[in-house]
Amino acid sequence: MRFRFCGDLDCPDWVLAEISTLAKISSVKMKLLCAQVLKDLLGEGIDYDKVTKLTADAKFESGDIKASVAVLSFIFSSAAKHDVDSESLSSELQQLGLPKEHTTGLCKSYEDKHSALQGKLREMSLRLGRLDAVCWRVDYTLSSSELREVNEPAIQLKLQTQGVESGSTETTVVSVSADKFRVLLSELKQAQAMMNALQ
């Protein structure tokens, strides 16, 4: 069977398995768990202590807790990605075996954060790291132990980039000859002209 929230594909087996795990907690706690997962998806972070307390009644082990968070993350992000309305999502989740009370809470949470979630997913999709700083210098080699006369410039580029997900700064140092630098500069100018033409 095909499901809209799965992109009109079959539901993954692991999602089917975890839906029965979600059915073990009460519908009220399910809604609170959904709120925590949505906070995490929107970049606000998840309170794992709260999640552990919410699932304590169902006697979830740490693997069950992680699986529950993962399946809810998948359901919310996949439904938002495929622009599924809350009624369709409710119907599909009930077909997969999630009780009606649980789907009502889940879909209410989803409906409240639908546009914010789509915005966040759009913001995160197809993003590359950000360039923080560029430092350069030109070294002119007169001679070396191998050759008496070199007389060749070399360009040292130091690029500092920030990762999309991690936010950590990474430094890359590149050394290129004058000829290769001319080619690089020419290609970068062509790329900038193409990007400017698109705006």
Let me confirm one number: the [atom1]-[atom2] distance from [X] to [Y], rounded to the nearest 0.5 Å.
X: K113; Y: C34; atom1: NZ; atom2: SG; answer: 12.5 Å
X: H82; Y: S77; atom1: NE2; atom2: OG; answer: 8.5 Å
X: E92; Y: C107; atom1: CD; atom2: SG; answer: 9.5 Å
X: L185; Y: Q190; atom1: CG; atom2: CD; answer: 10.5 Å

Tell me, please, which residues at least two apart from [X] pass side-chain contact (heavy atoms from CB on, under 4.5 Å).
X: L198; answer: none
X: L188; answer: L184
X: S73; answer: V37, L41, V69
X: Q192; answer: N196

Any sub-3.5 Å donor-acceptor pair from [X]'s side-chain atoms to [Y]'s backbone N or O?
X: Y110; Y: A79; value: yes
X: Q118; Y: A80; value: yes
X: H114; Y: S109; value: no

**OP:** Could you walk me through whether S27 and E101 pass the side chain to side chain donor-acceptor pair (under 3.5 Å) test, one step at a time?
**Re:** CA-CA 6 Å; S27 58; E101 308 80 48; 5.8 Å; no
Pairwise side-chain contact, [X] with [Y], heavy-atom cut-off 4.5 Å (strictly under):
X: Q160; Y: L131; value: no
X: Q162; Y: S168; value: no
X: L93; Y: F3; value: no
X: L72; Y: M30; value: yes
X: T171; Y: L159; value: no
X: Q36; Y: D47; value: yes
X: K31; Y: L106; value: no

Please list every donor-acceptor pair under 3.5 Å in which a side-chain atom of residues 172-180 meets a protein atom from a residue at least two apart or in another chain.
{"residue": "S175", "atom": "OG", "partner": "Q156", "partner atom": "NE2", "Å": "3.2"}
{"residue": "S177", "atom": "OG", "partner": "K180", "partner atom": "N", "Å": "3.3"}
{"residue": "D179", "atom": "OD1", "partner": "R182", "partner atom": "NH1", "Å": "2.8"}

Subject >> Partners passing ring pair (Phe, Tyr, Trp, His ring centres under 6.0 Å) against F76 (at least two apart in sequence or in another chain) >> reply: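 Ring pair (Phe, Tyr, Trp, His ring centres under 6.0 Å) list for F76, sorted by chain: empty.
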Original post:
Listed by chain and number, what are the side chain to side chain donor-acceptor pair (under 3.5 Å) partners of E170, not counting sequence neighbours?
Top reply: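 Counting only residues at least two positions away or on another chain, E170 forms no side chain to side chain donor-acceptor pair (under 3.5 Å).
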**OP:** Only counting residues at least two apart or in another chain, list the ones meeting side chain to side chain donor-acceptor pair (under 3.5 Å) with Q95.
**Re:**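 Only S91 meet the side chain to side chain donor-acceptor pair (under 3.5 Å) criterion with Q95.
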Run the side-chain donor-acceptor check on residues 48-58: report pairs under 3.5 Å with partners two or more places apart or on a different chain.
{"residue": "T52", "atom": "OG1", "partner": "Y48", "partner atom": "O", "Å": "2.7"}
{"residue": "T55", "atom": "OG1", "partner": "V51", "partner atom": "O", "Å": "3.0"}
{"residue": "T55", "atom": "OG1", "partner": "T52", "partner atom": "O", "Å": "3.2"}
{"residue": "D57", "atom": "OD2", "partner": "K29", "partner atom": "NZ", "Å": "2.3"}

Original post:
For the hydrophobic clusters of this structure (ILVMFWY residues joined by side-chain heavy atoms under 4.5 Å, transitively), does one cluster hold both F181 and W136?
Top reply: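 F181 clusters together with W136.
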Original post:
How far apart are the closest heavy atoms of R137 and D139, and which atoms are they?
Top reply: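 For R137 versus D139, the nearest heavy atoms are NE-OD1, 3.0 Å.
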Subject >> Taking every non-hydrogen atom, the tightest pair across V84 and L89 >> reply: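 In this case the closest contact between V84 and L89 is CG1-N, 3.8 Å.
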**OP:** Output yes when E123 and K120 qualify as a salt bridge under the 4.0 Å nitrogen-oxygen rule, no when they do not.
**Re:**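 Yes, E123 and K120 are salt-bridged.
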**OP:** Just do the side chain to side chain donor-acceptor pair (under 3.5 Å) check on Q94 and T103 with the steps written out, would you?
**Re:** CA-CA 7 Å; Q94 285 177 54; T103 56; 3.3 Å; yes
Original post:
Please, which pairs that meet salt bridge (charged side-chain N to carboxylate O under 4.0 Å, His left out) have at least one residue in residues 63-90, sequence neighbours excluded?
Top reply: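 Listed by first then second residue: R4-D85.
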**OP:** For residues 190-199, pull every pair meeting salt bridge (charged side-chain N to carboxylate O under 4.0 Å, His left out), keeping only residues two or more places apart or in separate chains.
**Re:**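 Not a single pair qualifies under salt bridge (charged side-chain N to carboxylate O under 4.0 Å, His left out).
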Under 3.5 Å, sequence neighbours excluded: what are the donor-acceptor pairs made by side chains of residues 8-23?
{"residue": "D10", "atom": "OD1", "partner": "M1", "partner atom": "N", "Å": "3.3"}
{"residue": "E18", "atom": "OE1", "partner": "T21", "partner atom": "OG1", "Å": "3.2"}
{"residue": "S20", "atom": "OG", "partner": "A17", "partner atom": "O", "Å": "2.7"}

Original post:
Considering residues, nucleotides and ligands other than E44, do more than 12 of their heavy atoms fall under 6.0 Å from its CD?
Top reply: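 Buried by this count: over 12 neighbours within 6.0 Å.
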